[in-house]
Amino acid sequence: MFSMSRGLTFDDVLLEPVYNGIKSRQLVTTAINLGEFEFKIPICSSNMDTITGHKMANLMGSLGGLALLHRFMSIEENVEEFKKVEYKNNVGFSIGVGEHEYDRAEALISAGAQICCVDVAHGHSKAVNRMVKYLREKYKDNILIIAGNVATYAGADYLAGAGADVIKVGIGPGSVCSTRIKTGFGVPQLSAIINASKVDKHIIADGGIRCPADAVKALAAGADMIMLGGLFAGTEETPGDVLEKKGPDGSTIRYKKFRGMASREAQEDFMDGMADWKTAEGIAVEVECKGSAKAVIQDIMGGIRSGMTYSGASTIGALQRKVNFIEITPAGWLEGTPHFNIKKG
Ligand code: 5GP
């Protein structure tokens, strides 16, 4: 017989303010470690083909974050992309679990990469376990291994047991993801982070971050870092051409494509079309060009720094130790959104 538990996500909760003794939000440190690697900001750009190539990686590196290059290109192109990144300590590469992925890992590590992300849709699986074990045995502690995605304690524990240093958490919260409506599977992202972070490994909270508050809640819930896809879509640093179309008023709209890696479009481009026994678990969208991703990061980091002072925490670790969540009702949520003109009676 099945069990039934309760799952919460970002909008279901708020953080209760805690006494603050820090004079200015400029005085907090947002630095975090993943193994031996230190990052000034706890933000990672998603390894999607419309988000992270070398340009995004260079921006993330210059700001002290992490970028994971996507893997939807040949091994040679992947190595070239890696070589174009100036900040080698801030960039990782991604692999799946197929035959060629052993060669991809070998080529990237030979080129100097030290951060490897084993990334599949359902990370709590034998194939990921096998790949993580292989990498750990072959490269010992010379590389940082990120593995995912999972959404449960059991999944995180399984990948930790295989030898992963960092667990990537998120099944179905992404902005262009349709896994939950196609399969019924997933865990509301806040609960997923809380459960996975009971395992004594680093956590990257991947997917579903729509605003700075979501980032603060994800970190407070136990994530060391947050991964962003959709918030970066349409920015200058993402791969892909700027396209143009006419708006309803005849004006020219400049946009870029953004798509889930399991969307029909992505499967047609990278997996020789979509097999007839499959359904797409992602969507493709057009996003208006919105300038540099730097502005997105500044907004998120501003929210994180301010959030830290609301909890009197000068480090991300202190934020995690000090805060309490409060579960709220839809009325509580509405109260917290701008509502100046809402009249009653
Ligand atoms: P976002 O920041 O856009 O909310 O979420 C980005 C994350 O969504 C990615 O890092 C990845 O984990 C996930 N994702 C990307 N493409 C797909 C897809 O096609 N299907 C699913 N289920 N998840 C996806």
Side-chain angles (χ1 to χ4, degrees), residues 9-11 42-53 56-57 60 65-72 92-96 117-125 128 146-151 155 159 166-190 192-193 196 203-215 217-218 223 225-235 238-240 256-271 274 278-287 290 293 296-297 299-300:
T9 194
F10 302 123
D11 288 356
I43 302 181
C44 177
S45 63
S46 174
N47 45 359
M48 299 168 78
D49 77 312
T50 48
I51 298 297
T52 307
M56 182 63 80
M60 294 307 297
L66 172 64
L68 291 180
L69 293 171
H70 76 85
R71 63 180 163 90
F72 301 93
F93 65 97
S94 311
I95 57 171
C117 178
V118 184
D119 197 25
V120 303
H122 183 24
H124 191 176
S125 61
V128 174
I146 303 171
N149 274 16
V150 296
L159 295 183
V166 185
I167 313 292
K168 198 149 76 72
V169 175
I171 301 282
S175 62
V176 281
C177 159
S178 52
T179 291
R180 293 186 190 168
I181 55 172
K182 289 298 180 84
T183 71
F185 279 81
V187 175
Q189 185 66 345
L190 188 81
I193 297 166
I203 299 287
I204 295 180
D206 175 19
I209 307 277
R210 306 149 304 167
C211 56
D214 294 346
K217 290 171 189 175
M225 192 172 242
I226 52 156
M227 177 172 259
L228 303 180
L231 278 183
F232 287 147
T235 61
T238 58
K256 281 184 151 183
K257 286 193 174 162
F258 175 51
R259 61 188 180 182
M261 298 317 310
S263 64
R264 172 174 284 279
E265 285 77 355
Q267 297 199 43
E268 279 170 358
D269 280 357
F270 303 123
M271 291 155 216
M274 210 172 81
K278 269 184 167 182
T279 181
E281 290 184 32
I283 61 164
V285 295
E286 295 171 351
V287 184
K290 59 178 180 192
V296 175
I297 294 173
D299 189 40
I300 298 279

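FYI, the numbering just counts along the sequence from 1. Just follow the structure's listing: the first ligand is 1, and inside any ligand the first atom is 1.
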Scan side-chain atoms only and decide if Glu281 and Ser178 contain a donor-acceptor pair under the 3.5 Å cut-off. no
Sequence neighbours excluded, the answer for salt bridge (Lys or Arg N to Asp or Glu O under 4.0 Å) partners of Asp269 is Arg259
Is it true that the side chains of Thr279 and Lys182 contain a donor and an acceptor less than 3.5 Å apart? yes
Across all chains, not counting sequence neighbours, the side chain to side chain donor-acceptor pair (under 3.5 Å) partners of Arg180 are none
Residues in contact with ligand 1, criterion: heavy atom under 4.0 Å: Ser46, Met48, Asn149, Gly174, Ser175, Cys177, Thr179, Asp206, Gly207, Gly208, Met227, Leu228, Gly229, Gly230, Phe258, Gly260, Met261, Ala262, Ser263, Glu281, Gly282
Kindly write out the residues that satisfy side chain to side chain donor-acceptor pair (under 3.5 Å) with Thr238, not counting sequence neighbours, or none if the list is empty. Lys256
Tell me if a side-chain donor or acceptor on Lys278 pairs with a main-chain N or O of Gln267 at a distance below 3.5 Å. no
